[in-house]
Amino acid sequence: MITLARLVAAAQRDLVPYWPVPLPRVELSGVHVSELEDPTVFLYGGELLLTVGLQLSGLDGAARAEACRNYVSRLVEGGVAALGLGLGSGHAMVPDELRAACIEANLPLLTVPRESPFLAVSRAYWELVRQGGEAELTALLGLQVALTRAAAQEDAEPEIVRELSRALGTWVAYLPAGDGPPSWAASNGELPPGLLAELERESASLRTARQGATGNVQLPSGSAALYPVSDGAGSSGYLALGRSGQLGAAERHLFLTASTLLAARAAGERRAEAERRRAEGMLAALVLEGHDDAARLLARQMDSAPLPDSAFLAVLTAPTESAAQLHRHGLVLERPEVTFVLQEAAGSRPTLPAGARGAWGGPMPLRRLHEIASQVAEVAVSAPAGQLIRVGHGLDLPADEWVDKLKSHPGNLLETVRAYLAHRGQWEAAGRELGVHRNSVRYRIGQACQLLGADLDDPDVSAQLWLALRGQTQSTAKDRRP
């Protein structure tokens, strides 16, 4: 029999009693780690539960006291034998409200020092199990090690699911929150037809009902159980397996280990994505302050995609998508009242979400975007709901550079652009002058727009480019005079 006092003695400095001292005689059935608000759905009873207390973070005063009472009450009702709080990640010390809730519920409370990993406590427990000759649980430790090793792989999610499926002898599927693809494995190598679609519908219903809801369901393809996977901070993914009803003690150990590893992986990916968005916001800020050279250097240091030579600048006052989704449209810089989006000039206008409100300008060379930033932002603030206002350049464009680019292109673009502008954008008339079909003119103008990163139907662009073309023609005529 493994008691709480025996585990404390085996773990030494990695597990410290906080209340009461000395510890009562409490028998343990296992050691588990979870940051769920209600981890008891994964527990068999009699466990030491380890947590860093993310469920209680960000709360103060009466709200924290109420959350502590509710959390401890759920643990006691679920049969948890003792609670261990890891210090450092979520709380520097044991909150007074948590200690009071544990005393009120008569739940033993221990701490894991900042420098001690939870794994050290688990190892101490499993060493006691090994010494006690409990062969089944010793084998379980091997399976948990296999799951932990799977979590260290680059494609961790499929590996964890594969190991869990092998251990449980049934199909297992992981449906992450967000846009990530599901991972699945089956002991016979196949899933029932249409099962993933059924599971995705069921998990969506559970999320709508209540975050962290659990479900035993009868699907057309058979019985299934769905369990939430969450680190307490983000939305829940779901682990599903091909059976319903209660899991056995050993299976609960494995399932909780797998869900904890998947939740930690998801949390790490969220943090990495948030860091990437912040870094891209720094690039956008440098460009909008006129430091495009520094932005390009930083992008190279970040191994980010090279910044474009020309871009659009959009300023949105009421984005219809979250900042994370807006990053698909370009570099995003969030300010208190507006959101700046820098987007490569790949067409005649920026690609922005439908219904967005604000303004946009460009295309312009990246080094000059800062010159129109305040103007576009000012117009965006006064834009009507659901409308994007086009802001004219109001500035000199690099028309001479554009003429040089057209000259250097081998596809007769310079003469085509001159004829197109002279005939005010009429394909047929320009084609007659050049002696080509209007579709050839259309194709060449498309090439010119892509080459220059500018829209030739934009009055600012066409006017200044026409003047530059006329100026070069006049200079050439003077040079030919005797």
Q: Between L313 and L288, does a side chain to side chain contact (heavy atoms under 4.5 Å, CB included) hold up when you go through it step by step?
A: CA-CA 9 Å; L313 172 62; L288 294 178; 4.0 Å; yes

Q: Sequence neighbours left out, what passes side-chain contact (heavy atoms from CB on, under 4.5 Å) with A359? Give chain and number order.
A: V376, V379, A380, I389, V391

Q: Do you know which two heavy atoms are closest between P113 and D14, and how far apart they sit?
A: CD-O, 3.6 Å

Q: I'd like to check the salt bridge (charged side-chain N to carboxylate O under 4.0 Å, His left out) partners of E115; sequence neighbours left out, ordered by chain and number.
A: none

Q: How long is the straight-line distance from CG of L175 back to CG of L239, given to the nearest 0.5 Å?
A: 8.5 Å

Q: Return the CG to NE2 distance between L85 and H91, rounded to the nearest 0.5 Å.
A: 6.0 Å

Q: Only counting residues at least two apart or in another chain, list the ones meeting salt bridge (charged side-chain N to carboxylate O under 4.0 Å, His left out) with E27.
A: none

Q: If you look at every heavy atom in A299 and L283, which pair is closest and at what distance?
A: N-CD2, 3.8 Å

Q: Of all heavy-atom pairs between S57 and G90, which one has the smallest distance, and what is that distance?
A: OG-O, 4.3 Å

Q: Determine whether E104 and R69 satisfy the following criterion, side chain to side chain contact (heavy atoms under 4.5 Å, CB included), listing intermediate values before the conclusion.
A: CA-CA 9 Å; E104 181 180 349; R69 283 194 297 271; 3.9 Å; yes

Q: What salt bridge (charged side-chain N to carboxylate O under 4.0 Å, His left out) pairs are there with at least one residue in residues 43-64, not counting sequence neighbours?
A: R64-E97

Q: Measuring from atom CZ of R123 to atom CG of L128, what distance do you get when rounded to the nearest 0.5 angstrom?
A: 14.5 Å

Q: Please enumerate all residues that pass side-chain hydrogen bond (donor to acceptor under 3.5 Å, both in side chains) together with R162, with sequence neighbours excluded.
A: E159

Q: May I ask you to decide if P363's main-chain N or O and S310's side chain share a donor-acceptor pair within less than 3.5 Å?
A: no

Q: Report yes if some heavy atom in the side chain of V94 is under 4.5 Å from a heavy atom in the side chain of Y18; otherwise report no.
A: yes

Q: Within this structure, what is the CD-CG distance for the pair Q12 and L7, rounded to the nearest 0.5 Å?
A: 11.5 Å

Q: Where the side chain of Q343 meets the backbone of A311, is there a donor-acceptor pair that is under 3.5 Å apart?
A: no

Q: With sequence neighbours left out, what residues match I103 under side-chain contact (heavy atoms from CB on, under 4.5 Å)?
A: W19, R99

Q: Would a 4.5 Å heavy-atom cut-off, applied to side chains only, mark L15 and S116 as touching?
A: no

Q: Which heavy atom of L28 sits nearest to which heavy atom of A81, and what is that distance?
A: CD2-CB, 3.8 Å

Q: Please report the shortest heavy-atom distance between E37 and Y71, naming the atom on each side.
A: O-CD1, 3.5 Å

Q: Going by heavy atoms in the side chains, are L98 and V72 under 4.5 Å from each other?
A: yes

Q: Could you grab the distance from atom CG of L316 to atom CD of E334, nearest 0.5 Å is fine?
A: 11.0 Å

Q: Would you say R277 and E280 make side-chain contact, with heavy atoms under 4.5 Å?
A: no

Q: Check this for me: E378, atom CD, are more than 12 non-hydrogen atoms of other residues, nucleotides or ligands nearer than 6.0 Å?
A: no

Q: Looking at residues at least two apart in the chain, or sitting in another chain, which of them share a side-chain contact (heavy atoms from CB on, under 4.5 Å) with V338?
A: V315, T317, R335, F340, V381

Q: Should the heavy atoms of other residues, nucleotides or ligands under 6.0 Å from CE of M302 be counted, would the total exceed 12?
A: yes

Q: Let me see the working for E77 and R74 under salt bridge (Lys or Arg N to Asp or Glu O under 4.0 Å), right down to the final yes or no.
A: CA-CA 5 Å; E77 290 175 4; R74 284 193 294 270; over 6 Å; no

Q: Quick one: pull up CZ in R296 and CD in Q301 and give me the separation to the nearest 0.5 Å.
A: 15.0 Å

Q: Do V52 and F118 have side-chain heavy atoms sitting under 4.5 Å apart?
A: yes

Q: Hey, does V112 have a side-chain heavy atom less than 4.5 Å from the side chain of L87?
A: no

Q: Excluding sequence neighbours, so at least two apart, what forms side-chain hydrogen bond (donor to acceptor under 3.5 Å, both in side chains) with T51?
A: E35, Q55

Q: Under the rule for side-chain contact (heavy atoms from CB on, under 4.5 Å), what residues qualify as partners of V287, not counting sequence neighbours?
A: A295, L307, L342, L366, L369

Q: Just wondering, do L110 and L4 contact through their side chains at under 4.5 Å, heavy atoms?
A: yes

Q: Of all residues at least two apart in sequence or in a different chain, which pass the side-chain hydrogen bond (donor to acceptor under 3.5 Å, both in side chains) check with D292?
A: none

Q: Taking all non-hydrogen atoms of both residues, which atom of L56 and which atom of C68 are closest, and how far apart?
A: CD1-SG, 3.7 Å

Q: Partners of E344 by salt bridge (charged side-chain N to carboxylate O under 4.0 Å, His left out), sequence neighbours excluded?
A: none

Q: Could you tell me whether the side chain of H32 reaches within less than 4.5 Å of the side chain of L50, counting heavy atoms only?
A: no

Q: Decide, yes or no, whether a salt bridge links R201 with E198 under the criterion of side-chain N to carboxylate O below 4.0 Å.
A: no

Q: Taking side-chain hydrogen bond (donor to acceptor under 3.5 Å, both in side chains) as the test, write out the residues that go with T40, two or more places apart.
A: D38

